[in-house]
Amino acid sequence: MRPDTAPAVLTIDLGAIVANWRLLQAKHSSGATGAVVKADGYGLGAGPVAAALAAAGCKHFFVATPDEALELRKTIPDAALVVLGGLFAGADHDFAAHRIIPALGSLAEIDAWSSLARRLDRALPAFLHFDTGMSRLGLDAREYAVLAEDHGRLTGIDIRHVMSHLVSAEAPDDPLNAIQRDRFNAGRARLPAAPASLVNSAGMFLGKTFAFDLARPGSALYGINPTPGRPNPMRPTVSLAARVLSVRDIPPRATVGYTASWTAQRASRIATVGVGYADGWHRSHSNAGSAYFDGHPVPLVGRVSMDLTTFDVTDHPEVQPGTWLEFLGPHRLVDDAARDAGTIGYEVLTALGRRFHRVCSPA
Ligand SMILES: *Cc1c(COP(=O)(O)O)cnc(C)c1O
């Protein structure tokens, strides 16, 4: 897409992402800090993000699916590359051929990986994933007990790390955090010794007893606050600017957009912008929050439609067709937009659309 015709420009600050990784790494100086780049690097581009972080010294990368791993392998040929979703049935040969590390989450996956190791006659690397409370992926307590009694099932598997995942890391007072940590420690004690990995971004702020050997931050790298309710220690990494396509004057009592969900209370000026729910600016932003013009908020009015959003710019006569409005940027962080739309920053980022002109500022 040509920048001069794109309705919106998304700028991704790789330098800020690297700075965020360094800040987390300094915080976790007792161990290693990896980077979670699933979902195309939380929507910001797994390739450029991983290349910048690998150049900065990051050695562990996490994705969700085999396809994501195969795609990223070209960019980071030497890093440890872990698929959090586990050993997908039928993917085991691809994993082995490209040195992709599955986070094994069931006895069936362990058996499949071990038997492939025997057939290939070489050890294959893996993370072992235990469920300590998420009830999603990872060996459950019953499977865990079977494995603890029979380490032979791990024959041929080079356990790089044992891992688990916290349910409530953003809530430091939630007793579940300590319960999960204690279950994780008890479980590890019943297996062959291996390094451990428990925390995501927010978990890195829970204190030393949660840190273990390898941290797995994602959201904080991209600027989402890992300590909700407290000041955000991370740097913002994205800005989204969209240009006004049209401006019109409407009389009092005129309505704006589908379902006439907003009614002008006074003679108003409405600016229409070329960003809609097809660009990941979800309908939940309808009549919620603002964009910014020259540092001033302009309220989003009416429903977000597929390709368009509308703003009340009555108080800003300078806004004209071609004027740029800030959707995300210094005045409006990802977390702010998420709060206004009743969601979390993760969803705002991963939804950001493909029609934007994308610019990566260098690391
Ligand atoms: C997504 C994910 C992470 C990263 O979580 P953030 O909250 O984005 O830091 C870490 N570990 C696992 C298992 C995940 O699925």
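As the structure lists them, so they are numbered: ligands from 1, and atoms in each ligand from 1. Basis for what follows: all heavy atoms, side chains included, without hydrogens, waters or symmetry-related copies.
Remark: side-chain polar atoms of Asp335 are paired, donor with acceptor, to backbone N or O of Asn225 under 3.5 angstrom.
Sorted by chain then number, the residues whose non-hydrogen atoms approach ligand 1 to under 4.0 Å are Val36, Lys38, Tyr42, Leu84, Met163, His165, Asn200, Ser201, Arg216, Pro217, Gly218, Ser219, Tyr346.
Partners of Phe327 under the ring-ring contact (aromatic ring centres under 6.0 Å, His included) rule, at least two apart in sequence or in another chain, are Trp281, Phe311.
The aromatic rings of Tyr292 and His331 lie parallel to each other, with less than 30° between the two planes, well short of the 60° mark.
Remark: Arg160 is not positioned above the aromatic ring of Phe127, lacking an NZ or CZ atom under 6.0 angstrom from the ring centre and at most 45 degrees off the axis. Under a cutoff of 6.0 Å and an axis angle of 45°, Lys27 and Phe205 form a cation-pi pair.
Of the candidates Asp131, Asp174, Thr132, Gln180 forms a side chain to side chain donor-acceptor pair (under 3.5 Å) with just one, namely Thr132.
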